[in-house]
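Notes for the one structure printed next.
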Amino acid sequence: QVKLVESGGGSVQSGGSLRLSCAASGFTYSSYCMGWFRQAPGKEREGVAAIDSDGKIDYRDSVKGRFTLSRVNVNNTIYLQMNSLKPEDAAMYYCAADLDLYDCLKIVRTRWQYNYLGQGTQVSVSS
């Protein structure tokens with residue numbers, strides 16, 4: 001059973017940093033994509049960053065150069081380091097996963113969603 005547990009959200013001022021963590025279980029990285037989605041009130045959930053089973057990573061254009069996704073296989077955890085945060089980055093952030101059967105990095109440029117989602121962690125950014 002796929003399980004994803006996020007942590008690390010919080011409130012920061014514009015320009016600040018946060019690091020989100022996602023502890024994953026129930027699957028192996030060699031077959032799955034993982035990523036981070038976010039959803040602000042009244043807006044669609046959008047892919048922010050993703051890593052495929054080969055370790056390739058991509059980001060939504062609006063976060064490139066500010067966010068960094070990393071993976072630590074030994075403890076089945078992925079991280080999202082978020083720097084230079086802006087008020088428009090405020091949202092509920094979700095860790096997500098899905099079988100790597102297609103171009104799963106496309107979540108950062110399309111409306112594609114993964115099948116497995118964590119419970120979310122809130123990120124607030126004040127101006």
Side-chain angles (χ1 to χ4, degrees):
Q1 181 180 356
V2 174
K3 185 176 181 182
L4 305 165
V5 180
E6 304 97 334
S7 60
S11 298
V12 296
Q13 289 189 330
S14 182
S17 298
L18 285 172
R19 189 174 83 151
L20 307 182
S21 302
C22 173
S25 60
F27 62 94
T28 57
Y29 286 124
S30 61
S31 302
Y32 273 73
C33 309
M34 291 191 70
W36 291 94
F37 288 80
R38 67 186 180 187
Q39 188 168 20
K43 294 189 176 181
E44 291 186 354
R45 189 161 60 219
E46 61 182 17
V48 175
I51 181 170
D52 69 13
S53 58
D54 291 327
K56 293 191 297 290
I57 297 172
D58 203 0
Y59 302 92
R60 178 165 293 272
D61 284 346
S62 60
V63 307
K64 283 181 179 176
R66 302 188 297 120
F67 290 14
T68 302
L69 186 156
S70 59
R71 183 174 72 193
V72 178
N73 292 345
V74 67
N75 59 1
N76 289 353
T77 300
I78 65 167
Y79 301 92
L80 186 67
Q81 178 66 43
M82 305 185 294
N83 298 328
S84 301
L85 282 162
K86 304 175 181 180
E88 53 263 42
D89 294 318
M92 185 70 80
Y93 282 71
Y94 299 91
C95 179
D98 207 346
L99 279 167
D100 190 358
L101 301 176
Y102 54 89
D103 173 21
C104 55
L105 299 181
K106 68 182 179 183
I107 64 164
V108 301
R109 57 185 184 274
T110 68
R111 292 180 173 180
W112 199 265
Q113 303 285 320
Y114 288 167
N115 281 317
Y116 302 100
L117 213 62
Q119 83 285 353
T121 186
Q122 184 69 44
V123 171
S124 301
V125 184
S126 57
S127 57

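Any value given below was found using the heavy atoms of this structure, including those in side chains, with hydrogens, waters and symmetry copies removed.
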Interatomic spacing from [atom1] in [X] to [atom2] in [Y] - rounded to 0.5 Å:
| X | Y | atom1 | atom2 | value |
| --- | --- | --- | --- | --- |
| Arg60 | Trp36 | CZ | CH2 | 16.0 Å |
| Leu18 | Thr121 | CG | OG1 | 8.5 Å |
| Ser31 | Asp98 | OG | CG | 11.5 Å |
| Asn73 | Ser30 | CG | OG | 9.5 Å |
| Ile78 | Leu4 | CD1 | CG | 8.0 Å |
| Asp52 | Met34 | CG | CE | 12.5 Å |

Using modelled atom types and a 3.5 Å cut-off, is there a donor and acceptor pairing between side-chain atoms of [X] and backbone atoms of [Y]?
| X | Y | result |
| --- | --- | --- |
| Gln122 | Ala91 | yes |
| Asp54 | Lys56 | no |
| Arg19 | Gly8 | no |

Please check if the number of heavy atoms outside [X] that lie under 6.0 Å from its [atom1] is greater than 12.
| X | atom1 | result |
| --- | --- | --- |
| Gln39 | CD | yes |
| Lys3 | NZ | no |
| Tyr114 | OH | yes |

Which atom names give the shortest non-hydrogen contact between [X] and [Y], and what distance separates them?
| X | Y | answer |
| --- | --- | --- |
| Glu6 | Gly118 | OE2-CA, 3.2 Å |
| Ser62 | Arg38 | OG-NH2, 3.5 Å |
| Ser17 | Ser84 | OG-N, 4.3 Å |
| Ala97 | Phe27 | CB-CZ, 4.0 Å |
| Ser53 | Asp100 | OG-OD2, 2.5 Å |
| Arg66 | Asp89 | NH1-OD2, 2.7 Å |

> Less than 4.0 Å between a side-chain N and a carboxylate O, is that true for Lys64 and Asp61?
Replying inline: yes
>> Would a single hydrophobic cluster contain both Ile57 and Val72, if residues Ile, Leu, Val, Met, Phe, Trp and Tyr are joined by side-chain heavy-atom contacts under 4.5 Å?
In response: no
> Is it the case that one hydrophobic cluster holds both Val63 and Met82, taking links as side-chain heavy atoms less than 4.5 Å apart, direct or via other members?
Replying inline: yes
Within-4.5 Å side-chain heavy-atom neighbours: [X] and [Y]:
| X | Y | answer |
| --- | --- | --- |
| Leu99 | Tyr32 | yes |
| Val2 | Asn115 | no |
| Leu117 | Arg45 | yes |

> Could you give all pairs that pass the salt bridge (charged side-chain N to carboxylate O under 4.0 Å, His left out) test and reach residues 108-123, with sequence neighbours left out?
Replying inline: Glu44-Arg111, Asp58-Arg109, Asp103-Arg109
> Quick one: ring pair (Phe, Tyr, Trp, His ring centres under 6.0 Å) pairs with a partner in residues 45-104, sequence neighbours left out?
Replying inline: Tyr102-Trp112
